[in-house]
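In what follows, a single structure is set out as structure tokens and then discussed.
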Amino acid sequence: MISFRPDLLKFNPDKTLKPKLHFLRDVGFSTPDLTFLLSKSPNILASSLDNQIVPAYGFLKGILGTDEIVVSTAKRAPLLLHNDLHKMIGPKIRALRDHGVPDSSISAMIKQQPRRFISANPDRFTVALTKVKEMDFKPSSSFFYLALHAILSTSESNWEEKFELYRSFGWSEDDILSAFKKQPHIMTLSKDKMRKMMDFFSKEPGLGLSVVSHYPNLLLLSLEKTIIPRWSVICVLMSHGILNKDVNFYTICCSKEKIFLEKYVIKYQEKVTQVLEAYQGKTVIGG
């Protein structure tokens, strides 16, 4: 802290520092919390208790509801406690309310992405908000915020590059928007991951990009740790007539690891010895 804010050594411990520490303890910050909080943002101790810290805390509590939630949120974004939140996020909250977003959703947005919320440029925030509304996301839906977050976290040029990447695999703009509405996070993936995932599904017989179009959540999974091992097992079981081609691969990918192993690997490993090798990556996809 001192290396970042050496002027703290000049402050009167009893009159300036202790009151701030007492206030933060009183509202719920434990000693480990304070150590973490102040090491991350020593500016808090340099801020006015009455003019910055207390008003900021009160503002957050009015939005988030409880001391416990304010503490957990402030630990994720300590800058919340030493800024004028009425100016920094007040306009964004009003804009969300004007678009019909309920307070419960606004609270969830701040809890989940406090740094993103406070640092977003107000003008860009308004543009992104309008864009999400034009895509027909319901303001009361959690997808509304996910879409807003995706747009805010992606520059316009990067957004267009990602659109073009999806188009390069044969998706139309409607296809991309349809997938985005089902899972907004597909636009926050790195272009490298997007390319690898789309390439795999487009080339693998039995899957195809229509599967991704219907279930874009697949793009969020790990290709190496989930998609390839599980698809390899399914291919082996289909080649032995144990499973038919109508299996829902998305459902299979969403199952917990233990359940997948029990249902598709352990159950058949004596009858079909290749199934374990497929799961371990020792068998080429397709069985």
Side-chain angles (χ1 to χ4, degrees), residues 55-77 79-81 83-163 166 171-189 194 212-221 250 254:
Y57 196 90
F59 183 91
L60 287 173
K61 189 171 181 180
I63 299 296
L64 302 177
T66 68
D67 287 329
E68 183 180 6
I69 296 175
V70 175
V71 168
S72 64
T73 304
K75 283 166 59 180
R76 297 178 64 192
L79 75 168
L80 288 169
L81 293 178
N83 280 284
D84 187 341
L85 300 188
H86 288 278
K87 290 183 178 179
M88 293 193 74
I89 65 176
K92 298 169 191 174
I93 291 174
R94 288 193 293 274
L96 288 167
R97 286 171 174 163
D98 289 343
H99 280 75
V101 180
D103 284 352
S104 59
S105 295
I106 295 174
S107 175
M109 291 181 196
I110 297 174
K111 284 188 291 185
Q112 292 170 20
Q113 293 287 339
R115 287 184 175 275
R116 176 70 59 189
F117 199 87
I118 194 173
S119 63
N121 177 278
D123 292 334
R124 189 156 184 265
F125 188 88
T126 300
V127 171
L129 191 55
T130 301
K131 193 171 183 177
V132 174
K133 194 72 178 289
E134 289 174 348
M135 291 179 182
D136 294 325
F137 282 93
K138 293 182 179 179
S140 59
S141 167
S142 60
F143 283 93
F144 188 95
Y145 166 62
L146 294 177
L148 180 63
H149 167 67
I151 294 172
L152 286 173
S153 61
T154 310
S155 67
E156 287 188 25
S157 59
N158 204 15
W159 182 273
E160 289 303 319
E161 289 173 3
K162 289 179 178 181
F163 247 77
Y166 283 126
W171 275 10
S172 66
E173 185 164 338
D174 286 342
D175 292 331
I176 301 169
L177 289 175
S178 176
F180 178 70
K181 287 179 180 179
K182 294 175 183 175
Q183 179 44 267
H185 281 312
I186 67 166
M187 293 299 286
T188 66
L189 300 172
M194 289 164 59
V212 182
S213 179
H214 282 96
Y215 305 107
N217 278 327
L218 286 168
L219 293 175
L220 308 187
L221 302 175
Y250 173 68
C254 288

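Residues: numbered from 1 along the sequence shown.
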Run the numbers on Phe137 and Tyr145 for ring pair (Phe, Tyr, Trp, His ring centres under 6.0 Å), then give the verdict. CA-CA 9 Å; Phe137 282 93; Tyr145 166 62; over 10 Å; no
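- Between Tyr166 and Trp171, the ring planes are parallel. Angles under 30° get that label, and only those over 60° would be called perpendicular.
- Looking at Arg115, its side chain does come within 3.5 Å of a backbone N or O of Arg76 through a donor-acceptor pair.
- With a 4.5 Å cut-off on side-chain heavy atoms, Val132 and His99 do not count as touching.
- Atom CG of residue Leu152 and atom CD of residue Gln113 lie 10.0 Å apart, to the nearest 0.5 angstrom.
- Side-chain N/O atoms of Asp175 and Ser172 include a donor and acceptor closer than 3.5 Å.
- A heavy-atom distance below 4.5 Å is found between the side chains of Phe125 and Leu96.
- Taking OG from Ser178 and CD from Gln183, the interatomic distance works out to 12.5 Å, rounded to the nearest 0.5 Å.
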Could you go step by step and tell me if Ile151 and Leu129 meet the side-chain contact (heavy atoms from CB on, under 4.5 Å) rule? CA-CA 9 Å; Ile151 294 172; Leu129 191 55; over 6 Å; no
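- Residues Thr73 and Lys111 share a closest heavy-atom pair of OG1-CG, 3.8 Å.
- To the nearest 0.5 Å, the span separating OG on Ser213 from CG on Asp174 amounts to 10.5 Å.
- Between Tyr215 and Lys182 there is no side-chain heavy-atom pair separated by less than 4.5 Å.
- For the atom pair CG (Asn83) and OG (Ser119), the distance works out to 11.0 Å, reported to the nearest 0.5 Å.
- Of all non-hydrogen atoms in Leu148 and Met109, the two that sit nearest each other are CD2-SD, 4.4 Å.
- Checked by atom type and distance alone, the side chain of Ser107 never pairs as donor or acceptor with a backbone atom of Asp103 at under 3.5 Å.
- Within a 6.0 Å radius of NZ in Lys138, other residues, nucleotides and ligands contribute 12 heavy atoms or fewer.
- Judged by distance alone, the side chain of Lys162 and the main-chain N or O of Met194 form no donor-acceptor pair under 3.5 Å.
- Counting heavy-atom neighbours within 6.0 Å of Glu161 CD, excluding the residue itself, gives a total above 12.
- Rounded to the nearest 0.5 angstrom, Ile63 CD1 and Leu85 CG are separated by 9.5 Å.
- Two residues are said to be in side-chain contact when any heavy atoms from C-beta on lie closer than 4.5 Å; Ile93 and Phe117 meet this criterion.
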Would Lys131 and Trp159 count as a side-chain contact (heavy atoms from CB on, under 4.5 Å) here? Give the steps. CA-CA 13 Å; Lys131 193 171 183 177; Trp159 182 273; 3.7 Å; yes
Is there a side-chain contact (heavy atoms from CB on, under 4.5 Å) between His185 and Leu146? Walk through the geometry before answering. CA-CA 7 Å; His185 281 312; Leu146 294 177; 3.6 Å; yes
CA sep, side-chain torsions, deciding dist, call: Phe144, Lys133, side-chain contact (heavy atoms from CB on, under 4.5 Å): CA-CA 8 Å; Phe144 188 95; Lys133 194 72 178 289; 4.2 Å; yes
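- Between the CG atom of Asn217 and the OH atom of Tyr250 there is a distance of 4.0 Å, given to the nearest 0.5 Å.
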